[in-house]
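Taking it in order: structure first as structure tokens, then the write-up.
Convention: sequence-line order gives letters A, B, ...; per-chain numbering from 1.
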There are 2 protein chains.
Amino acid sequence: MNKKNNLLQCPNPQTECKECPIRKMALFRDVPEDDLGWMQEFRNSQYLLPAREILFRQGETAHTLYTLFDGWLIIFKILDNGKRQILRFLLPGDFFGFQVNSIGPTGGYLHSSLALMDSTLCAFPTTQLRLMMEKQPQLAIRLAEMEMHDMNLCQHHLIGTGRKNAQERIAFLLLELFHRVRLQKQNDYDESSNSIIFPLTQEDIGDAVGLTSAHVNRTLREMEKKGWTQCQGKYLTIRNEEALSKTGQFDPRIIISKPLI
Amino acid sequence: MNKKNNLLQCPNPQTECKECPIRKMALFRDVPEDDLGWMQEFRNSQYLLPAREILFRQGETAHTLYTLFDGWLIIFKILDNGKRQILRFLLPGDFFGFQVNSIGPTGGYLHSSLALMDSTLCAFPTTQLRLMMEKQPQLAIRLAEMEMHDMNLCQHHLIGTGRKNAQERIAFLLLELFHRVRLQKQNDYDESSNSIIFPLTQEDIGDAVGLTSAHVNRTLREMEKKGWTQCQGKYLTIRNEEALSKTGQFDPRIIISKPLI
DNA sequence: CGTAAATTTGAGGTGCATCAATTAAAGTGG
DNA sequence: CCACTTTAATTGATGCACCTCAAATTTACG
């Protein structure tokens, strides 16, 4: 039950914080370059987590904070009835492993975390965060900012699950993930391409938006027949973004991380 | 459509921050007493908002941050199809009005806010928050802490709406609100009483957990017949907390605000 | 190339929605 | 304090979106 250590230590040399390509999205974005050196001292290491492996399970004690460096992860909870709810999709730059994501009142994780594809993580000890924030108050502001961004997504997620039908929920989810990936790759990739690598199974989609995989399948088929999307294999293609955003009530501006105030 | 100024200015004298009875729950909790004076300079005033009046509407431009001093409020969103999703219940000490609660990318509110009973608010200008945080880094940490607490509630809300049936959702909601109110009144009230003032209509309950008011009614009746709760008039009584927490999968420890790390 | 995992499809059932009408409760002004 | 009005609660009949279970088919992968 308590399978641990799916993590593999990264081979050296590892990425320096100073040269980190995703830092512009990450917690340390606002830390001055000169201070990154000692910040990096706090870091444990970089780790590799293979696809479909668990990083932590609800109940385990937590002592590590993570920044996702490369890959896709999910944060989810298994209920008493065995059902699974996916709470959050993690993309490169996302920060997690603390309180609601998910250290509970007992000190153990409230949720579990799983890699959807081979992923790389930067880790440092939970105990250091407050210390670092006291030395670098910018860090606290940036953390609040990131929290708010995640909260925004969580609220949209809630709105969908509470008040939208299957098609509306799925349209929103596909567009959200599509745009989040695109925001990452804005330099690397062909802007005009409307496809992304998409590692979710239909069961994952269902557990994110509160539907059965069978119903997800039927809904995806419908949307394909209408020529809105293509979602098969490891790729997602958006063919009619306008129709999708309209039914899903999705506005791409929610994806952009805004300053706190 | 754009009805404004449901707010009434409070009669003087107003409560001093230094003597504020809810500060132990609020944003300024960790600000040293000596600094509260100049903090208070930033504050606009205290306002009264009558029951069932709107504080702000989605779309309006935002320039005020609020701490709820007394009363109950909800934050909600109206979808294109006219349906309403309640995102958050605000109790005294809660802080809101910023980004996800709810300033969107356009600078306007994403959500609306409504008083469930006569309420009192402390207000200060949006533009001051960053300034205050720079002078008082504790404030940023405290803000992140409160955000995380709210995020936790939001995630539980999502779990319920996504993966629980009507009875489980309602049981969780009633217990959550019951315990939050009790935590407030821990000194004022009789600890042993299992009743609280409860200003939600059945439609409010439905819009919080994603059900019709008709179905909420039938479910509440069921739970009353089983002797679990009594929810009528302006009161909620918990009669069988064990049964309720078990079906709702509610753990009162999630209510307690934990330090950031 | 063989096995496991994911997708696809079908038949049948149900939890909750929808719509509508009735009853009860809460305000409101005289 | 009572008639009046409005709002909320209650209840019933009917329908559908989505679930459940299961089998067939396709795809992924060592």
Side-chain angles (χ1 to χ4, degrees), chain A residues 50-53 74 79 81-86 114-118 160-171 173-174 197-225 229-236 247, chain B residues 50-54 74 79 81-86 114-118 160-171 173-174 197-225 229-237 247:
Chain A
R52 292 285 155 182
E53 296 278 336
I74 51 174
L79 305 203
N81 56 26
K83 288 179 179 163
R84 180 178 72 153
Q85 174 68 50
I86 294 178
L114 172 97
L116 294 182
M117 57 167 70
D118 292 348
T161 310
R163 289 305 190 201
K164 291 179 183 167
N165 65 26
Q167 215 170 88
E168 294 165 339
R169 294 183 208 187
I170 292 175
L173 178 70
L174 297 185
I197 293 174
F198 192 75
L200 309 213
T201 67
Q202 295 180 357
E203 197 172 355
D204 292 333
I205 296 176
D207 288 345
V209 300
L211 296 169
T212 307
S213 67
H215 201 66
V216 169
N217 182 279
R218 282 184 259 261
T219 309
L220 282 176
R221 287 232 114 273
E222 261 181 63
M223 301 201 304
E224 272 178 36
K225 246 178 262 170
T229 57
Q230 190 163 355
C231 181
Q232 47 186 245
K234 293 229 157 308
Y235 293 90
L236 164 68
T247 52
Chain B
R52 292 285 155 184
E53 295 279 335
I54 287 197
I74 52 173
L79 305 205
N81 55 25
K83 288 179 179 164
R84 180 178 71 152
Q85 174 68 51
I86 294 178
L114 172 96
L116 294 182
M117 56 166 74
D118 292 349
T161 311
R163 288 306 190 201
K164 291 181 185 169
N165 66 25
Q167 216 171 87
E168 293 165 339
R169 293 182 209 189
I170 292 175
L173 179 70
L174 298 184
I197 294 173
F198 192 76
L200 309 214
T201 68
Q202 295 179 357
E203 197 173 354
D204 292 333
I205 296 176
D207 287 345
V209 299
L211 296 169
T212 308
S213 65
H215 201 67
V216 169
N217 182 280
R218 284 185 257 262
T219 309
L220 281 177
R221 290 237 121 274
E222 260 181 64
M223 300 202 302
E224 273 178 34
K225 246 179 259 170
T229 56
Q230 191 164 354
C231 181
Q232 48 185 245
K234 292 225 160 311
Y235 293 90
L236 164 67
T237 307
T247 49

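- B:Q85 places a side-chain N or O within donor-acceptor distance of the main-chain N or O of B:A208, the cut-off being under 3.5 Å.
- Side chain of B:R52 to backbone of B:L114: no donor-acceptor contact under 3.5 angstrom is found.
- Distance A:M223 CE to C:dT7 P: 14 Å, rounded to the nearest Å.
- The shortest distance between the side-chain N/O atoms of B:N217 and the OP1/OP2 oxygens of D:dA9 is not below 4.0 Å.
- We find the CZ-OG1 distance between A:R169 and A:T219 to be 10.0 Å, quoted to the nearest 0.5 Å.
- Residues satisfying the side-chain hydrogen bond (donor to acceptor under 3.5 Å, both in side chains) criterion with B:Q232, sequence neighbours excluded, are absent altogether.
- Between its opening and closing five pairs, the helix from C:dC1-D:dG30 to C:dG30-D:dC1 changes axis direction by 60°, a value rounded to 10 degrees.
- In terms of the side-chain hydrogen bond (donor to acceptor under 3.5 Å, both in side chains) criterion, residue partners of A:T201 (sequence neighbours excluded) are, by chain and number, A:D204.
- Taking the side chain as every heavy atom from C-beta outward, A:I205 and A:L220 approach each other to under 4.5 Å.
- Partners of B:N217 by side-chain hydrogen bond (donor to acceptor under 3.5 Å, both in side chains), not counting sequence neighbours, listed by chain and number: B:Q202.
- Regarding A:Q230, its CD atom lies at a distance of 14 Å from the C1' atom of C:dT7, rounded to whole Å.
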Letter by letter from the 5' end, nucleotides 18-30 of chain D scores (B base, S sugar-phosphate only, - none; protein heavy atoms under 4.0 Å) BSB-------S--
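- Between the CZ atom of A:F198 and the C1' atom of C:dT7 there is a distance of 15 Å, rounded to whole Å.
- The nearest whole Å value for the distance from the CD atom in B:E203 to the P atom in C:dC19 is 14 Å.
- Between the CD1 atom of B:I170 and the C1' atom of C:dC16 there is a distance of 11 Å, given to the nearest Å.
- A straight line from CG of A:D207 to P of C:dA6 spans 12 Å, rounded to a whole angstrom.
- Every side-chain hydrogen bond (donor to acceptor under 3.5 Å, both in side chains) that B:Q167 has, sequence neighbours left out, goes to B:E222, B:K226.
- In terms of modelled atom types and a separation under 3.5 Å, the side chain of A:Q230 and the main chain of A:L236 share no donor-acceptor contact.
- In this structure, B:R52 atom CZ and C:dA26 atom P are separated by 14 Å, rounded to whole Å.
- B:M117 places its CE atom 14 Å from the P atom of C:dA26, with the value rounded to the nearest Å.
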